[in-house]
Amino acid sequence: MAKPVSIEVWNPNGKYRVVSTKPMPGTRWINLLIQQDCRVEICTQKKTILSVEEIIALIGDKCDGVIGQLTEDWGETLFSALSRAGGKAFSNMAVGYNNVDVNAATKYGVAVGNTPGVLTETTAELAASLSLSAARRIVEADEFMRAGLYDGWLPHLFVGNLLKGQTVGVIGAGRIGSAYARMMVEGFKMNLIYFDLYQSTRLEKFVTAYGQFLKANGEPPVTWKRASTMDEVLREADVISLHPILDKTTYHLVNKERLAKMKKEAILVNCSRGPVVDEVALVQHLKENPMFRVGLDVFEDEPFMKPGLADMKNAIVVPHIASASKWTREGMATLAALNVLGKIKGYPIWGDPNRVEPFMNEKSPPPAACPSIVNSKALGLPVSKL
Ligand SMILES: NC(=O)c1ccc[n+]([C@@H]2O[C@H](COP(=O)([O-])OP(=O)(O)OC[C@H]3O[C@@H](n4cnc5c(N)ncnc54)[C@H](O)[C@@H]3O)[C@@H](O)[C@H]2O)c1
Ligand SMILES: O=C(O)[C@H](O)CO
């Protein structure tokens, strides 16, 4: 049995007990729950990743809903514990939910929420930052400067890659992949090649229109191509950014064989999930190809890196911070709380989980709906007419 975990309690006399496994940014999410008669319990344990046993202790005997984190293993054991405690709602404070066994949740009648829409641009901006940092060797140059090694301008000092006119490749052109593609096409006048299971007509129209605009202004137009295979992207692109979900079709999508298909001076960025890339193969590839560069926000065995990665000068590594802007993180906390609250109150499901602005407006009460429940169809939950 796990030791009792430390908690902070808000509105102790509230009718519904909602637990958050972590303190989350902002206070709006707490206020929204309190206003609707919830007692909010926040785990303040000084431990980054809670074990299943610790979460069971937090759930206790009576719990209406839980807001959890992507680092936690939400499977059969936790959903049965939540169900025994009378809980009907869980939300990840994340858009990705590969840490959640949705079938197990559905089996116990628990709704599973996630937080799309508020992190699209923030995450795409970090992918763009990593692309630029890798292309222009910004981290290496910063380390060189701080080490006192700079003794004057030199023609060969930290020469990198020009992005303008090169090809950006996107694998997984969903919300974040498309936002990243638009940034790179519009910001740096790169041509686009993308691979996704579905066609992204909006993205294609955007690049076509921007190309026409450039042409009308006497500049070479940008172009787009939807690749029929992922390997086509790997062969043709100069910068490749990964944005698919993690599931069994995308596990080790980028492996030794596929790395070998990429250009020797290509840049690979991963802001999706670590296991999309075979990190051992990547370290070997970085060793053998010093001009190949990567920008990584996510890792196969977080919080650890595979041996050798930290020593590679051609790798930029940051600790899973792609969604870390204040507005986004507060928005994620709000959406997660409203998913749980909405299910407790019996609200219907919001019609379009990508259009979450009405939930973000601090000046008016949020719609009486759950912003995004991924197993709503399986649970037969009604859709909001708002
Ligand atoms: N690093 C971070 O902090 C961070 C932040 C936000 C999201 N993410 C990750 O990014 C993922 C994508 O988020 P999103 O909001 O853009 O999701 P999304 O569902 O809008 O986009 C995912 C896209 O991947 C495509 N896809 C699925 N399987 C594929 C395959 N086998 N090959 C190619 N494409 C495939 C889908 O068709 C879809 O278009 C999340 O699931 C999450 O894991 C990470
Ligand atoms: O899936 C997500 O939302 C991220 O990994 C954290 O923002």
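All ligand and atom numbering here is 1-based and tracks the order in the structure. Small disclaimer: the values here were computed from a predicted structure and weren't measured.
Around CG of D61, the count of heavy atoms belonging to other residues, nucleotides or ligands within 6.0 Å does not exceed 12. More than 12 heavy-atom neighbours from other residues, nucleotides or ligands sit within 6.0 angstrom of NZ on K47.
For residues 85-108, every residue pair satisfying the side chain to side chain donor-acceptor pair (under 3.5 Å) rule, not counting sequence neighbours, is listed here: E76-K107, E76-Y108, S91-N339, N92-N99, N98-R273, T106-N375.
Between the side chains of Q36 and Y16, no donor N or O sits under 3.5 Å from an acceptor N or O. Looking only at atom types and distance, the side chain of T249 has a donor-acceptor partner in the side chain of D247 under 3.5 Å away.
Counting the atoms of ligand 2 from 1 in the order shown, those under 4.0 Å from a heavy atom of L119 are 3 (O), 7 (O). Shown in contact with L70 at under 4.0 Å from a heavy atom are these atoms of ligand 2, numbered in order with element: 4 (C), 5 (O), 6 (C). Below 4.0 Å from some heavy atom of A94 lie the following atoms of ligand 2, by number and element: 1 (O), 2 (C), 3 (O).
The proximity of T123 to ligand 2, defined as any non-hydrogen pair under 4.0 Å, does not occur for either the backbone or the side chain.
When only non-hydrogen protein atoms are considered, atom 3 (O) of ligand 2 lies nearest to V95 N, 2.7 Å. The protein non-hydrogen atom at the shortest distance from atom 7 (O) of ligand 2 is S323 OG, 2.6 Å.
With values rounded to the nearest 0.5 angstrom, L214 atom CG is found 9.0 Å from E186 atom CD.
Distances between N or O atoms of G96 and those of ligand 2 include at least one value under 3.5 Å.
Remark: D311 does not engage K313 in a salt bridge, criterion side-chain N to carboxylate O under 4.0 Å. In this structure, R137 does not pair ionically with E143, as no charged nitrogen and carboxylate oxygen lie closer than 4.0 Å. The existence of a salt bridge linking R226 and E204 is excluded, since no basic side-chain nitrogen approaches an acidic carboxylate oxygen closer than 4.0 Å.
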Extract all N/O-N/O pairs under 3.5 Å that connect ligand 1 to the protein, and present each with both atom names and the distance rounded to 0.1 Å.
unit_1: ligand 1; atom_1: 1 (N); unit_2: C271; atom_2: O; d: 3.0
unit_1: ligand 1; atom_1: 1 (N); unit_2: D297; atom_2: OD2; d: 2.7
unit_1: ligand 1; atom_1: 3 (O); unit_2: H320; atom_2: NE2; d: 3.4
unit_1: ligand 1; atom_1: 15 (O); unit_2: R175; atom_2: NE; d: 2.9
unit_1: ligand 1; atom_1: 15 (O); unit_2: R175; atom_2: NH2; d: 3.2
unit_1: ligand 1; atom_1: 16 (O); unit_2: R175; atom_2: N; d: 3.4
unit_1: ligand 1; atom_1: 16 (O); unit_2: I176; atom_2: N; d: 2.9
unit_1: ligand 1; atom_1: 20 (O); unit_2: R175; atom_2: N; d: 2.9
unit_1: ligand 1; atom_1: 20 (O); unit_2: R175; atom_2: NE; d: 3.4
unit_1: ligand 1; atom_1: 31 (N); unit_2: T249; atom_2: OG1; d: 3.2
unit_1: ligand 1; atom_1: 37 (O); unit_2: D196; atom_2: OD1; d: 2.6
unit_1: ligand 1; atom_1: 39 (O); unit_2: G174; atom_2: N; d: 3.4
unit_1: ligand 1; atom_1: 39 (O); unit_2: D196; atom_2: OD1; d: 3.4
unit_1: ligand 1; atom_1: 39 (O); unit_2: D196; atom_2: OD2; d: 2.7
unit_1: ligand 1; atom_1: 43 (O); unit_2: R273; atom_2: NH1; d: 3.4

Between R146 and D142, does the salt bridge (Lys or Arg N to Asp or Glu O under 4.0 Å) criterion hold? Intermediate values first, please.
CA-CA 6 Å; R146 288 170 200 273; D142 177 278; 2.5 Å; yes

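In this structure, of M93, R273, Q69, H320, the residue bringing a heavy atom nearest to atom 1 (O) of ligand 2 is R273.
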